[in-house]
Amino acid sequence: MSTASLPGPVMCIVGARPNFMKMAPILRALAAHEPPLPALLVHTGQHYDASMSDKLFTDLRLPRPDLNLEVGSGSHAVQTAEVMKRFEPALDAHRPACVLVVGDVNSTLACALVAVKKGVPVVHVEAGLRSWDRSMPEEINRVLTDQIVGRLYTTERSAADNLVREGIAGERVCFAGNVMIDSLHLHRQHTRAPADTLRAHGADPALLQHPQGYGVVTLHRPSNVDDPQALAALLGVLGEVAARLPLVFALHPRTRQNITRFGLDGLLDTATMAVLPPQGYLEMLGLMAGAAVVLTDSGGLQEETTALGVPCLTLRENTERPITVEQGTNTLVGRDAQAIREGVAAILSGHGKRGRVPELWDGHAAERIAADLFAWLTRGAP
Ligand code: UD1
């Protein structure tokens with residue numbers, strides 16, 4: 001055991017829902033490390049609704065943030081700029097040993113940029129994933145964050161190849177595994193029963209008793225939900241699917257707002273579709289674990305379904321997580337109605353992908369990150 005200590009805390013940044021399940025195991029691993037690595041949790045407030053933030057903190061047993069920057073919603077420019085403005089004085093006040101960012105949301109890039117320019121070492125967990133689609137805001141956040149940080153932790157081997165291709169030295173990259181799957185391992189035994197989740201929202205749990213089971217749907221990507229025609233077409237196909245297999249649709253606030261704004265509420269009015277608000281972590285894991293199929297445009301759900309062995313149809317043209325397609329249970333179907341119908345039909349006839357769990361998605365990624373981070377910081381964060 002090393003007796004060296006750090007000159008300050010590891011400042012851990014979360015902003016939006018998908019960050020929370022990544023940060024929870026990291027905080028635990030920093031505390032469990034020998035010697036313990038002090039952490040300071042900063043919530044930028046990018047997500048602020050109880051259902052998008054507080055509930056996840058409770059489910060994941062995350063500590064209350066030490067700081068909340070309360071930036072809220074806004075255009076990409078406004079939101080990113082607001083995080084930067086509010087994060088700078090916090091960074092000055094706390095003098096951390098390093099800043100740790102996860103994922104690809106606006107808060108990830110904003111905090112990395114502020115810290116790097118102040119000479120504070122920054123590390124990125126979930127580095128190197130690429131969709132090769134620069135119309136996705138997350139892709140811009142990924143590419144830029146990876147260019148400026150000092151140490152990069154990856155979830156799959158292809159990510160290191162992507163980074164090296166972008167001129168990043170291979171020695172700065174550490175293949176640590178998938179922290180999101182650490183959370184899944186930790187909470188798998190404590191998920192909420194799907195019937196209870198439906199009941200809690202006034203939906204009929206009998207829906208889940210269909211002989212072929214049920215499907216779970218989430219949608220929130222701008223490319224799927226910000227264009228009225230694209231959204232109407234997708235909801236139309238989901239209505240068709242629901243006629244064969246009951247669906248549980250957990251609606252993101254952005255999607256909820258757009259459905260109403262575009263006058264599409266009628267498309268959700270199907271007896272075999274339970275429309276729920278955004279779900280907590282334990283509810284969502286329970287729903288997914290019991291599902292016949294998950295239809296989604298989320299990055300996290302593609303990984304969680306692969307770890308759970310549940311077939312996933314991804315409603316996108318590309319994925320930054322290719323291992324879920326190559327080794328896992330994921331199939332890309334885009335917004336192609338025929339591909340979605342055929343994908344569901346194949347799964348219902350017993351031909352869904354089974355897949356296998358990728359290398360180092362073993363529940364111990366955060367421990368590997370804590371050990372590597374300590375070693376890196378104590379040799380001067382070169
Ligand atoms: C953000 C992330 C995305 C991630 C997603 C998960 C970026 C660029 N995008 O997208 O990568 O997959 O989170 O949800 O960072 N809203 C609320 N309550 C909230 C938060 C948002 O009502 O707590 C509404 C607001 O009207 C807001 C809209 O949802 O304008 C979108 O929120 P925003 O944070 O801008 O992006 P997401 O679509 O959630």
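Whatever order the structure lists ligands and atoms in, that order sets their numbers, starting from 1.
Taking atom 6 (C) of ligand 1 as the reference point, the nearest protein heavy-atom neighbour is Pro18 CD, 3.5 Å. Here the protein heavy atom with the shortest distance to atom 1 (C) of ligand 1 is His47 NE2, 3.8 Å. The protein atom (non-hydrogen) at minimum distance from atom 17 (C) of ligand 1 is Tyr48 OH, 3.4 Å. Shortest contact from atom 8 (C) of ligand 1 to any protein heavy atom: Asn106 OD1, 3.3 Å. Nearest non-hydrogen protein atom to atom 2 (C) of ligand 1 is Val105 CG1, 3.7 Å. Protein heavy atom in closest approach to atom 25 (C) of ligand 1: Ser73 OG, 3.3 Å.
Compare Met52, Arg17, Gln79 by their heavy atoms: the one nearest to atom 35 (O) of ligand 1 is in Gln79. Closest heavy-atom approach to atom 36 (O) of ligand 1 among the candidates Arg256, Arg254, His252: Arg254.
Screening residues 90-105 for side chain to side chain donor-acceptor pair (under 3.5 Å), with sequence neighbours left out, gives Asp92-Lys118, Asp104-Arg142.
The side-chain heavy atoms of Leu219 and Thr296, taken from C-beta on, include no pair separated by under 4.5 Å. Looking only at side-chain heavy atoms (C-beta outward), Leu301 and Met284 come within less than 4.5 Å of each other. Counting only heavy atoms from C-beta outward, the side chains of Thr155 and Leu129 approach each other to under 4.5 Å.
Comment: Glu326 does not engage Arg321 in a salt bridge, judged by the lack of any side-chain N to carboxylate O separation of less than 4.0 angstrom. Using a 4.0 Å cut-off between a side-chain N of Lys or Arg and a carboxylate O of Asp or Glu, Arg86 and Glu70 do not qualify as a salt bridge.
Below 4.0 Å from some heavy atom of Glu138 lie the following atoms of ligand 1, by number and element: 2 (C), 3 (C), 9 (N), 11 (O). Residue-ligand proximity, His220 to ligand 1, at heavy-atom distances under 4.0 Å covers atoms 4 (C), 5 (C), 6 (C), 12 (O). Within ligand 1, counting atoms from 1 as listed, the ones closer than 4.0 Å to a heavy atom of Gln257 are 22 (O), 24 (C), 26 (O).
For the residue pair Gln46 / Ser107, a side-chain donor-acceptor distance below 3.5 Å is found, with atom types taken as modelled.
By the side-chain hydrogen bond (donor to acceptor under 3.5 Å, both in side chains) test, Thr319 pairs with Gln302, sequence neighbours left out.
Note: no N/O pair closer than 3.5 Å links His76 and ligand 1 by distance alone.
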